[in-house]
Amino acid sequence: MPSAAARVVLVTGVSRFLGARVANTLQADPGIERVIGVDTVPPATPLGRTEFVRVDIRTPSIAKVISSAEVDTVVHLNLVTSPSVPRSKVKEFNVIGTMQLLAACQRSPDTRKLVVRSSAAVYGSSPMDPAVFGEDDEPVEAPRSGYAKDACEVEGFVRGLCRRRSDLTVSVLRFANFLGPGVDSPLTRYLRLPVVPTVLGFDPRLQFVHEDDGVEVLRRMTVEDHPGTYNVAGDGVLLLSQALRRAGRSYVPLPSPSISVAGDMGRRFAGMTGFSPELLRWLTYGRVLDTGRLVAELSWRPKYTTEAAFADFLSARVPERGVPLQLIERLIGRRGT
């Protein structure tokens with residue numbers, strides 16, 4: 001559904017990988033007059049004609065940026081997922097930051113479109129889940145902590161904004177886990193462990209979205225009007241065991257309580273930051289999304305299937321630091337597993 005051209009676009013989280021890629025893609029569109037990127041730290045790489053503004057979206061200063069630049073389109077990507085950041089700060093960025101940003105959008109007479117990066121984590125992961133989650137399905141067990149709970153709260157704030165500003169075009173995108181050569185996340189660090197711990201007795205179905213497809217969906221939602229909530233994932237699924245075999249990884253099934261031991265090992269040798277509760281539940285029960293609504297709305301399918309996204313991730317993986325299997329066995333034995 002083509003829209004009146006977005007003239008001034010503001011992208012949050014522009015100093016992170018996804019924000020920088022989206023900003024670079026949007027600035028190449030000749031129909032967009034200005035792209036303004038905001039974050040709390042300067043970007044590590046040049047942003048071309050994107051204008052960087054150092055601002056914390058948790059503060060009222062973001063409203064001044066939106067107002068003074070007459071921003072008509074906001075692309076909100078500044079959701080923190082890293083467990084290396086203290087939980088209190090993560091919640092501030094995700095929840096308080098979103099509240100301030102949406103309040104600024106509500107007050108701005110120029111703003112007419114909002115695109116929000118959400119997560120499939122809002123569906124949770126449980127043994128009672130449906131085979132496939134559609135956008136109208138409710139989680140069997142609502143997320144009670146971490147990033148997943150933040151994403152649920154963010155979506156609640158967005159629904160409140162829609163009630164107060166029914167004139168806005170709002171698109172909410174529930175992404176599966178990103179994969180690709182440029183992605184660095186708790187999942188990619190887990191997959192790069194030389195010996196990978198899995199949950200004993202479970203082989204979850206996993207789904208990924210390639211970084212290129214994620215950026216393209218965000219671009220389309222920005223330059224076109226597609227209001228609503230959409231699941232975003234590559235076609236097909238992979239079992240965790242299939243993924244690890246294709247990656248050439250040895251894996252050790254462990255009782256769920258012992259996974260924290262492997263998290264300690266990963267923290268020491270592979271740059272991991274432990275296993276968040278939502279990551280552990282996902283690695284136990286998995287999650288699969290129905291993307292039919294997105295495909296019908298955009299008349300488009302992702303270029304990469306889940307398998308192809310995983311293969312591309314493997315093709316560009318960085319060298320790993322070796323961790324002897326004997327060390328894992330020693331750690332596990334020490335914890336009485």
Side-chain angles (χ1 to χ4, degrees), residues 1-3 6 9 11 13-14 16-32 35 45 48 50 75-77 79 81 115-121 123 132-135 171-185 187-188 191-192 205-240 242-243 245-247 282 286-318:
M1 183 189 304
S3 68
V9 180
V11 180
V14 77
R16 298 186 181 91
F17 166 74
L18 183 61
R21 281 210 56 185
V22 170
N24 279 312
T25 298
L26 293 175
Q27 72 182 9
D29 189 326
I32 297 177
V35 179
T45 57
T50 295
V75 183
H76 184 31
L77 307 178
L79 296 181
T81 62
V115 179
V116 178
R117 173 200 175 184
S118 185
S119 169
Y123 296 116
V132 180
F133 277 106
E135 289 86 350
S171 304
V172 176
L173 304 172
R174 293 173 176 167
F175 286 100
N177 291 73
F178 278 88
L179 268 190
V183 177
D184 179 22
S185 68
L187 169 63
T188 62
L191 293 170
R192 286 177 173 135
R205 298 174 304 146
L206 309 180
Q207 213 174 14
F208 309 119
V209 58
H210 192 278
E211 59 191 79
D212 291 353
D213 288 326
V215 171
E216 174 61 14
V217 170
L218 286 162
R219 183 195 71 81
R220 290 280 301 269
M221 293 292 172
T222 303
V223 301
E224 302 170 3
D225 283 348
H226 300 288
T229 299
Y230 302 93
N231 291 334
V232 186
D235 292 340
V237 300
L238 271 177
L239 296 176
L240 177 58
Q242 291 176 313
R245 283 196 297 271
R246 294 181 189 194
W282 184 70
R287 184 190 308 117
V288 180
L289 308 180
D290 178 357
T291 60
R293 180 183 292 181
L294 180 76
V295 171
E297 178 71 17
L298 299 185
S299 299
W300 168 89
R301 300 196 84 89
K303 176 182 175 183
Y304 290 84
T305 63
T306 286
E307 291 188 57
F310 188 74
D312 198 41
F313 160 72
L314 293 179
S315 71
R317 66 187 179 192
V318 298

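- R16 meets the side chain to side chain contact (heavy atoms under 4.5 Å, CB included) test with D39, N78, V80; sequence neighbours excluded.
- Nearest approach of A120 to L289, heavy atoms of both residues: CB-CD1, 3.7 Å.
- The backbone N or O of G180 lies less than 3.5 Å from no partner atom in the side chain of D312, so there is not a single donor-acceptor pair.
- The shortest distance between side-chain heavy atoms of N177 and V183 does not fall below 4.5 Å.
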Worked check of side-chain contact (heavy atoms from CB on, under 4.5 Å) between L191 and F310
CA-CA 10 Å; L191 293 170; F310 188 74; 3.8 Å; yes
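- Listed by chain and number, the residues in a side-chain hydrogen bond (donor to acceptor under 3.5 Å, both in side chains) with D213 amount to none (sequence neighbours excluded).
- Remark: D212 pairs with R21, H210, Y304 by the side chain to side chain contact (heavy atoms under 4.5 Å, CB included) rule, at least two apart or across chains.
- A 4.5 Å side-chain heavy-atom check between V237 and T306 finds every atom pair outside the cut-off.
- The heavy-atom pair separating A176 from A233 by the smallest distance is CB-CB, 3.7 Å.
- Contact of the W282 side chain with the L187 side chain is registered, since non-hydrogen atoms from C-beta on lie closer than 4.5 Å.
- Summarising the geometry of N24 relative to G48, their closest heavy-atom pair is OD1-N, 4.5 Å, with the distance given to 0.1 Å.
- In this structure, the side chains of L218 and L77 come closer than 4.5 Å at one or more pairs of heavy atoms.
- Side-chain N or O atoms of S171 include one that pairs as donor or acceptor with a backbone N or O of H226 at under 3.5 Å.
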Decide side-chain contact (heavy atoms from CB on, under 4.5 Å) for T25 and E216; before the verdict, give the C-alpha distance in whole Å, the side-chain angles of both, and the deciding distance to 0.1 Å.
CA-CA 9 Å; T25 298; E216 174 61 14; 5.6 Å; no
Check the pair F313, E211 against side-chain contact (heavy atoms from CB on, under 4.5 Å), reporting the backbone distance first and the verdict last.
CA-CA 10 Å; F313 160 72; E211 59 191 79; over 6 Å; no
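- For the residue pair F208 and A309, the shortest heavy atom distance occurs at CB-CB, 4.4 Å.
- Taking the side chain as every heavy atom from C-beta outward, L238 and R205 never approach each other to under 4.5 Å.
- Residues meeting the side chain to side chain contact (heavy atoms under 4.5 Å, CB included) test with S118, sequence neighbours left out: V122, A151, E155, V172, R174.
- Contacts of T50 classified as side-chain hydrogen bond (donor to acceptor under 3.5 Å, both in side chains), with partners at least two apart in sequence or in another chain: Q27.
- With T291 contributing its side chain and N231 its backbone, the two residues share no donor-acceptor pair below 3.5 Å.
- Nearest heavy atoms, W300 versus R220: CB-NH1, 3.9 Å.
- Here R293 pairs with D136 under the side-chain hydrogen bond (donor to acceptor under 3.5 Å, both in side chains) rule; sequence neighbours left out.
- Evaluation of the salt bridge (Lys or Arg N to Asp or Glu O under 4.0 Å) rule for D235 yields R301 as partners, not counting sequence neighbours.
- For F175, the ring pair (Phe, Tyr, Trp, His ring centres under 6.0 Å) partners two or more places apart in sequence, or in a different chain, are F178.
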Derivation and outcome, side-chain contact (heavy atoms from CB on, under 4.5 Å), residues V75 and V9:
CA-CA 7 Å; V75 183; V9 180; 3.9 Å; yes
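- The side chain to side chain contact (heavy atoms under 4.5 Å, CB included) search around A121 returns S119, A148, R287, not counting sequence neighbours.
- In this structure the side chain of R246 reaches within 4.5 angstrom of the side chain of E307, judged on heavy atoms.
- Checked against side-chain hydrogen bond (donor to acceptor under 3.5 Å, both in side chains), D184 has the following partners two or more places apart in sequence or in another chain: R189.
- Nearest heavy atom pair, residue E135 against residue Y123, reads CA-OH, 3.3 Å.
- Residue R117 is tested with V232, L18, V22 for a side chain to side chain contact (heavy atoms under 4.5 Å, CB included); the sole match is L18.
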